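All remarks here apply to the structure that follows.
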Protein chains: 2
Amino acid sequence: MTLSTECMMAVMVTRAESAAVTRRALLDAAAELLDLGGPEAVTLREVGARAGVTRGAPYRHFAGKDSLLTAVVTEGWERIGDQVHALRTDPALSASEKLRGALRALIGVGRDQPHLYQMLFRRPGHRPEELGEGLDRVRRQLCGPAGDPAADRVRAAGRFQDEFLAIVAALVGERNTRHYGALLLSGAHGIADMELSGHLGTDRLRSTTDELVDTLVRMVGDAGETT
Amino acid sequence: MTLSTECMMAVMVTRAESAAVTRRALLDAAAELLDLGGPEAVTLREVGARAGVTRGAPYRHFAGKDSLLTAVVTEGWERIGDQVHALRTDPALSASEKLRGALRALIGVGRDQPHLYQMLFRRPGHRPEELGEGLDRVRRQLCGPAGDPAADRVRAAGRFQDEFLAIVAALVGERNTRHYGALLLSGAHGIADMELSGHLGTDRLRSTTDELVDTLVRMVGDAGETT
DNA sequence: GTAGCCAAGGTGACAACGTCATCTGAAACC
DNA sequence: GGTTTCAGATGACGTTGTCACCTTGGCTAC
């Protein structure tokens, strides 16, 4: 039955269409495996199998495993960017409600897709030993060829940051945006990652993520007013 | 020359001593490889080679690769715990100086040993999908047999937290310690991890880690006073 | 319409890895 | 002195990422 349906639906597909659907299936399979068991569980053989192709096929669409995972991470950043964009442009929300929502959205990704979340905050080539100028250098290095996985990922993360900083600017003013934006983002990420690593919610550190976010936003609001 | 020295020093070593020195060499080799290239670069074959044994030998001292890495992480937590202990008991420092020092020490580990740092904040069995009650559950599960790698790691992290929270308590009072302690630790970890992942120090988020720590401590100090 | 092109995908192979079963030799113990 | 025990060596197995090579079927130029 599945086969006959497949045959009927396979009638008249152009080559580009077929390649696009395979690429999409590879990305979906990789994202699913990532959610299930982390980067280690994403094997090109299993990805290929779930996408209905063999182990070598992914190399037609991605340079290798890293490249595939980077593409999955890029789509993760794009989704979060969309979420924050929706918050920022929602006329029914106050500035601090938008901020709280953005931070909670980030932490929510951590809770719903822990493995994906942890990959959001890994250097594209995952080489933390060379700190240098951070993503700016990566951006300059890779800005040229659009479609490059690492560059796409940096761009997607940058868009998220722009949306987020626009919300922060409305709260603490243009002049303090970069500083308090960095502090808020670091704080939210720290809260999310502490929860993921199991350090939160213990006997010693018993606060919930929501409580921590509320305190953080309140403190920044107070500090932003006085300056 | 090295060989003759070795021979001279190798005279009359008991079996337990030899085993201990091998275990030590394995840990050192694993830590070194971790610093150089991350967990992927820690192969049992290379660890064994650097420790002067073959690939199978590590299994005499550790259950497997995970167990070995967990032991390395445990020693990392112990070192940080010692650092914070030294800060806490230093009579020449004020409470806020101690706090700032502790946060900077944590971030310093991130800068000096990025790969080790990132493993400090990974679940012992690295299974972030089951959030549950966090480390408390792991602690209860594994509290029995001392010497168990995961239990040791949880204990070492717990000691660090105790030292840290003692500093926080002196600043915001006993009643707020858990909440603000969690916030400060999350904040510092977020700052460190954002720097490692290259998200800090970009055009959009240009603050330094020291600036962020200062603001964070100042805000918590203000909030702690008012309550 | 037909010949050639080209890219998606299949297949075999390779090295590296974690892990285990088995063997060996020497220290430890009675 | 014989036995036990355990650190370490060795061979083997399954899995993985990756590459070179091959096949096949749409696409394009004439």
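Reminder, nothing fancy here: chain letters follow the sequence lines and each chain counts from 1. All values derive from a computational prediction rather than experimental measurement.
Residue A:V53 has its side chain nearest to C:dG9 when only C:dG18, D:dG17, C:dG9 are considered.
Across the interface with DNA chain C, nearest-nucleotide mapping of A:R60 and B:K65 shows A:R60 to be the residue nearer the 5′ end.
Atom C1' of nucleotide D:dG17 and atom CG of A:L69 are separated by 12 Å, given to the nearest angstrom. Summarising the geometry, the separation between OH on B:Y59 and C1' on C:dT19 is reported as 4 Å, rounded to the nearest angstrom. Remark: C1' of C:dC14 and CZ of A:R55 are 11 Å apart, rounded to the nearest angstrom. Counting to the nearest Å, the P atom of D:dC19 and the CZ atom of A:F62 are 16 Å from each other.
Base engagement by B:T54 is indicated by at least one non-hydrogen atom pair under 4.0 Å involving a base atom. If you check every strand for non-hydrogen atoms under 4.0 Å, B:V42 touches sugar and phosphate atoms only. Using a 4.0 Å heavy-atom distance criterion, B:V21 is classed as making no nucleic acid contact.
In the model, A:T74 has no side-chain atom that pairs as donor or acceptor with a side-chain atom of A:R155 under 3.5 Å.
Within the structure, every side-chain polar atom (N or O) of B:H61 is placed at least 4.0 Å from both OP1 and OP2 of D:dC6. Look at B:T22 and you'll find a side-chain N or O under 4.0 angstrom from OP1 or OP2 of D:dG8. In terms of phosphate contacts, A:T14 brings a side-chain nitrogen or oxygen within less than 4.0 Å of OP1 or OP2 of D:dC27.
A:Y117 and A:H189 have their aromatic ring centers within a separation under 6.0 angstrom.
Looking at B:D210 and B:R104, a side-chain N of the basic residue comes within less than 4.0 Å of a carboxylate O on the acidic one, giving a salt bridge. Comment: B:R88 does not engage B:D162 in a salt bridge, judged by the lack of any side-chain N to carboxylate O separation of less than 4.0 angstrom.
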